[in-house]
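Here's the structure, in structure tokens; my notes come after.
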Amino acid sequence: MRYMAAAVQFEPRFGEKEHNIGRLVELTTEAAQAGARLVVLPEMATTGYCFLNRREIAPMVEQVPDGPTVRTFAALAARLGIHVVVGLPELEPSTGAYYNTAALIGPHGYIGEYRKTHSYIDETRWARDGDLGIPVFETDLGRIAIQICMDGDYFEPSRVAALAGADVIAFPTNWLGRTLSWRARAVENGVYLIAADRWGQERGSKFAGDSVILNPRGEALNLLSTGDGLVLAEIDLDQARTARAAALALRRPDQYQELLLSSYLWAADDAQTLPAGRPAVVAVGPACDGAHMADLARWADKQVRDRGWAKLDLAVFPYAAAAPDGAGLLAVALDLDCHLVWAARDPDGCNTAYLLGPEGLVGRYRQVHAEDGAVPGDEGFPVFDLPWGRIGLLVGQDLAVPESARILAKLGADLILVPGMTGGDRDRWLWSVRAMENNTALAVANAEGISVTVGPGKVAGGDPGAMTVTLVDTAAPAIRTKELLRKLQPRWYDALVSR
């Protein structure tokens, strides 16, 4: 089944609810006249966003589905024969609580609502975190889930929706800047994502616009940078369902129990007993066979010393078709007083990453999300404490499965090391997302392209065939406090370990 969808981009007037609803009705009508059967409006589109407290927003809140906004759009949807997702502040009469809500309305009336699960700064002054979970609504246009703004910085809500069969994620938002997170949510779940953003300024906040419709490959089918207007694109449910099945097939829910823990409710140093952090010199090597790893490590140490740094702390190499000489690497680790990471297929047929230091083999990680005909690992996602920080290991396509890096981050990893198995750096954008959303540094060594994320969202390196040497500060506040992880809502994530 195929149909046209629309994301509406709109700048509401703060507190002018009647005007905003009138303008949204106009834009929704334009979208329907252009052929759209599903229309997504921005977050808090009826009122504006930057309210200071409950008292200020109180005249704006209303009940769902019995309030005037849902009634207005239900009449409009019936007249136009469309589905609409509208964002608004909701009053729950039984408790008096307010929520940042989006309602789904179809040609036959109200279908359901979603209350924002992961609150951003502004709405914590007046809204409770959502208490309805992460529903997926069966409609004539396929299975539709709703996420709101900050939810998109976390992989879990979209993953739970995909596991419940979502074809489309309607994404009302008031985003402040450009982001790759939306693209990650579409790709890792094989879903369409319809991001309807507001634009303009409100009380000193500047909103991004850039409303977009993304297909299950993360490709922008249409985009509007600024101004009121429409983003129109075709939804292909067959494509979504094929892509979603492929994306979810990689999962290993039996390995994911850490996702249900609240690892960062308390200060990281208290909860995680982390080693002391400091700036560490990390080298990420180009493709090489096992026999040349020792030489490259010595070369990297020379480059480090030529730059005036004390010494090499860590070198990461890509997956090697032939395992390196362990004795030779141990001699290098002893001589340079450094740690080395590489990956190769072990005798049991599992792609395995090894961490070696002056003290010998520190540990290994057996690839949980196996590729290239390998046997999948079954030892979970271990972390290892070095003198300057906590290390997590992944291999190859583990990085494409968001559960992997999240678990390592929840276990306190300051730096995640990934010996890659494929050439090029075509997924470099995703590496940045993984670092940002987990508040970790990330070092990826790929067979041809190399990238080192030296801080959440900051990338160094990437020149094919080159070795990248950089400083990674494991004591950086963003890495150590893991602020984003403090806002996780594990009570809604049960599906991650049961499906």
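This chain uses plain numbering: 1 for the first residue, then up along the sequence. Predicted model, so just to flag it, every value in this text is computed and none were measured.
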When you check the gap from the basic side-chain N to the acidic O, do [X] and [Y] get nearer than 4.0 Å?
X      : Y      : result
Arg125 : Asp122 : yes
Glu156 : Arg406 : yes
Glu56  : Arg203 : yes
Arg251 : Glu403 : yes
Arg390 : Asp414 : no
Arg244 : Glu188 : no
Lys410 : Glu258 : no

So which heavy atom on [X] is nearest to which on [Y], and how close?
X      : Y      : value
Pro172 : Pro42  : CB-C, 3.6 Å
Val136 : Ala145 : CG2-CB, 4.1 Å
Ile57  : Pro89  : CD1-CB, 3.8 Å

To the nearest 0.5 angstrom, please state how far the [atom1] atom of [X] sits from the [atom2] atom of [Y].
X      : Y      : atom1 : atom2 : value
Ile105 : Arg71  : CD1   : CZ    : 11.5 Å
Asn174 : Cys149 : CG    : SG    : 6.0 Å
Thr117 : Ile148 : OG1   : CD1   : 8.0 Å
Arg486 : Leu265 : CZ    : CG    : 7.5 Å

Test salt bridge (charged side-chain N to carboxylate O under 4.0 Å, His left out) on Arg115 and Glu92; report intermediate values, then the result.
CA-CA 11 Å; Arg115 292 171 173 169; Glu92 171 52 63; 2.9 Å; yes
Summary of ring-ring contact (aromatic ring centres under 6.0 Å, His included) pairs that have at least one residue in [range], sequence neighbours excluded:
range            : answer
residues 127-166 : His118-Tyr154
residues 207-230 : none
residues 24-58   : Phe14-Phe51

Looking just at side-chain N and O atoms, do [X] and [Y] make a donor-acceptor pair shorter than 3.5 Å?
X      : Y      : value
Arg241 : Gln239 : no
Asp398 : Tyr365 : yes
Glu483 : Thr481 : no
Tyr120 : Asp153 : no
Glu16  : Asn20  : no
Tyr114 : Asp151 : yes

What side-chain donor-acceptor pairs closer than 3.5 Å can you find for residues 73-81, not counting sequence neighbours?
none

Whether the side chain of [X] engages the backbone of [Y] through a donor-acceptor N/O pair (distance < 3.5 Å, no angle test) should be reported.
X      : Y      : answer
Asn215 : Gly218 : yes
Gln147 : Phe171 : no
Lys482 : Asn439 : yes
Gln255 : Phe381 : no
Thr139 : Gly142 : yes
Arg13  : His19  : no

Can you tell me which residue among Gln397, Gln367, His369, Arg366 is in a side chain to side chain donor-acceptor pair (under 3.5 Å) with Asn351?
Gln367
Looking at Tyr98, I'd like to know if the NZ or CZ of Arg54 sits under 6.0 Å from its six-membered ring centre while staying within 45 degrees of the ring's axis.
yes
Ala476: what forms a side chain to side chain contact (heavy atoms under 4.5 Å, CB included) with it, not counting sequence neighbours?
Asp473, Ile479
Crowding at CG, Asp140 (>12 non-hydrogen neighbours, <6.0 Å):
no
Which is it for Tyr99 and Asp131 under the side-chain hydrogen bond (donor to acceptor under 3.5 Å, both in side chains) test, yes or no, and what are the steps along the way?
CA-CA 9 Å; Tyr99 294 93; Asp131 61 350; 3.1 Å; yes
Side-chain touch Leu408/Leu394, heavy atoms, less than 4.5 angstrom
yes
Hey, does Leu141 have a side-chain heavy atom less than 4.5 Å from the side chain of Arg37?
yes
Using distance only, find each side-chain donor-acceptor pair of residues 193-201 under 3.5 Å and give its atom names and separation, not counting sequence neighbours.
| unit_1 | atom_1 | unit_2 | atom_2 | d |
| --- | --- | --- | --- | --- |
| Asp197 | OD1 | Trp175 | N | 2.8 |
| Asp197 | OD2 | Gly209 | N | 3.2 |
| Arg198 | NH1 | Glu202 | OE1 | 2.6 |
| Trp199 | NE1 | Asp228 | OD1 | 2.8 |

